[in-house]
Amino acid sequence: LMHLRAIMQGHLTIDQPTAVGMAHLAIRKANAGLAESADNSTAYQVLGEVYSFLLNVESAIEQSNGVPFENRLRFNQALGAYHQAILLRPKSLTLRDRMLELLQRHNRFDLILRELDVIEKLTPATDSEDLDESEALQRRLALREQCESRLTALREQVQFLFSDVHWGDA
């Protein structure tokens with residue numbers, strides 16, 4: 001998993017077939033861990049990260065071949081795995097941040113805002129001197145602002161599109 005994270009962050013370059021093979025091995029190991037204990041939040045986290053990695057790889061392959069395809073399977077697999085891990089570790093900001101990244105890549109503004117609300121309840125506003133915590137807070141605030149403005153724009157577009165529609169008596 002450490003190698004897959006390094007590949008996703010651009011710190012390590014491995015040929016694509018080897019990276020995909022490593023991802024499938026990580027899925028096998030995580031599933032084996034879940035077979036031993038269904039409450040293994042780390043296994044669910046691994047599955048979420050690996051499915052997210054495979055989503056990126058498969059999307060890149062599809063785009064390079066000119067195939068306009070949205071890979072919902074991997075998105076739903078990653079989302080389900082993160083959700084299960086969060087059920088087991090509800091206060092884990094790392095898990096919640098990873099899920100936010102996934103949702104952000106898929107423009108799921110509604111789910112992002114819902115998750116940001118939960119994070120705000122978990123982390124009350126404080127004047128923290130911890131630089132990482134402060135940066136994370138600023139990142140989340142910017143994300144909230146971006147999502148709210150995008151949702152407002154979408155609502156305005158929908159309202160404009162339906163402003164000329166006259167519903168007749170049926």
Side-chain angles (χ1 to χ4, degrees), residues 1-64 67-123 130 132-133 135-148 150-151:
L1 186 61
M2 179 179 64
H3 292 93
L4 294 178
R5 284 182 186 152
I7 293 168
M8 287 178 68
Q9 296 170 352
H11 301 300
L12 180 64
T13 304
I14 296 178
D15 63 294
Q16 208 169 51
T18 302
V20 169
M22 289 170 57
H24 284 282
L25 285 174
I27 290 170
R28 278 187 180 177
K29 286 193 175 265
N31 283 330
L34 289 171
E36 291 177 20
S37 171
D39 292 337
N40 187 338
S41 65
T42 303
Y44 285 113
Q45 179 178 350
V46 168
L47 286 174
E49 290 182 29
V50 172
Y51 288 139
S52 188
F53 171 79
L54 288 173
L55 172 65
N56 290 345
V57 170
E58 291 167 358
S59 295
I61 291 169
E62 291 157 359
Q63 289 175 0
S64 69
V67 179
F69 175 74
E70 182 182 357
N71 192 342
R72 290 187 181 175
L73 171 66
R74 295 292 186 206
F75 170 74
N76 288 321
Q77 287 174 319
L79 186 63
Y82 281 137
H83 181 72
Q84 194 65 32
I86 287 171
L87 286 175
L88 296 168
R89 284 192 298 169
K91 294 182 180 181
S92 172
L93 293 178
T94 301
L95 286 171
R96 291 185 181 279
D97 282 337
R98 295 240 169 86
M99 188 159 75
L100 279 175
E101 292 168 6
L102 176 69
L103 295 171
Q104 193 174 4
R105 284 195 314 254
H106 288 273
N107 296 321
R108 294 301 311 262
F109 307 120
D110 53 338
L111 297 177
I112 291 170
L113 290 171
R114 186 180 77 182
E115 192 60 32
L116 287 171
D117 288 341
V118 173
I119 291 171
E120 280 181 17
K121 290 175 185 172
L122 290 173
T123 57
D130 182 5
D132 290 338
E133 189 177 315
E135 287 176 2
L137 176 62
Q138 292 304 316
R139 203 172 45 250
R140 290 184 196 120
L141 289 172
L143 181 58
R144 176 178 291 284
E145 187 176 307
Q146 176 190 14
C147 289
E148 287 174 347
R150 295 281 302 268
L151 279 175

- Query: What is the minimum heavy-atom distance between V50 and A26, and which atoms define it?
  - Reply: CG2-CB, 3.6 Å

- Taking C-beta and beyond as the side chain, do Q77 and L73 meet within less than 4.5 Å on heavy atoms? yes

- Task: With side-chain contact (heavy atoms from CB on, under 4.5 Å) as the test, would you mind laying out the steps for L55 and L102 before giving the verdict?
- Result: CA-CA 10 Å; L55 172 65; L102 176 69; 4.0 Å; yes

- Message: Between D117 and R144, does any NZ, NE, NH1 or NH2 come within less than 4.0 Å of an OD or OE carboxylate oxygen?
- Response: yes

- Sub-4.5 Å side-chain heavy-atom contact between V46 and Y51: no

- Task: Would you name the heavy atoms of A85 and S41 that are closest together and state the gap between them?
- Result: CB-O, 3.6 Å

- Are the side chain of T18 and the backbone N or O of I14 linked by a donor-acceptor pair below 3.5 Å? no

- From F75 atom CZ to H106 atom NE2, the distance as rounded to the nearest 0.5 Å: 5.5 Å

- Go through L47 and L34 one step at a time and tell me if the side-chain contact (heavy atoms from CB on, under 4.5 Å) criterion holds. CA-CA 10 Å; L47 286 174; L34 289 171; 3.6 Å; yes

- Query: For atom CZ of R114, is the number of surrounding heavy atoms from other residues, nucleotides or ligands below 6.0 Å larger than 12?
  - Reply: no

- Do K29 and L25 have side-chain heavy atoms sitting under 4.5 Å apart? no

- How about E49 and Y82: do any of their side-chain heavy atoms sit closer than 4.5 Å? yes

- With side chains defined as the heavy atoms from C-beta onward, is the minimum distance between E148 and L151 less than 4.5 Å? no

- Answer yes or no: is there a donor N or O on one side and an acceptor on the other, between the side chain of R96 and the main chain of P90, under 3.5 Å? yes

- Query: Where is the tightest heavy-atom contact between Q45 and R98, given as atom of each residue plus distance?
  - Reply: NE2-NH1, 2.9 Å

- Query: Do S52 and R105 get their side chains close enough for a donor-acceptor pair, meaning under 3.5 Å?
  - Reply: yes

- Message: Does this structure show an ion pair linking R140 with E120, if we count only N-O contacts that are shorter than 4.0 Å?
- Response: no

- Item | Atom pair CD/CG of E101 and L103 - distance to nearest 0.5 Å | 10.0 Å

- Message: Taking the side chain as everything from C-beta on, heavy atoms only, tell me whether L143 gets closer than 4.5 Å to Q146.
- Response: yes

- Query: Is there a side-chain contact (heavy atoms from CB on, under 4.5 Å) between D110 and R108 once you walk through the steps?
  - Reply: CA-CA 6 Å; D110 53 338; R108 294 301 311 262; 3.5 Å; yes

- Over all atoms of both residues, closest heavy-atom pair of G48 and A81: N-CB, 3.4 Å

- Task: Check Y44 against A38 and note the closest heavy-atom contact, atom names and distance.
- Result: CE1-O, 3.3 Å

- Neighbour count above 12 (heavy atom, 6.0 Å) for H24 NE2: yes

- Looking at side-chain heavy atoms only, is the closest gap between L54 and I27 below 4.5 Å? yes

- Under the side-chain contact (heavy atoms from CB on, under 4.5 Å) rule, what do L100 and I119 come out as? Steps first, then yes or no, please. CA-CA 10 Å; L100 279 175; I119 291 171; 3.6 Å; yes

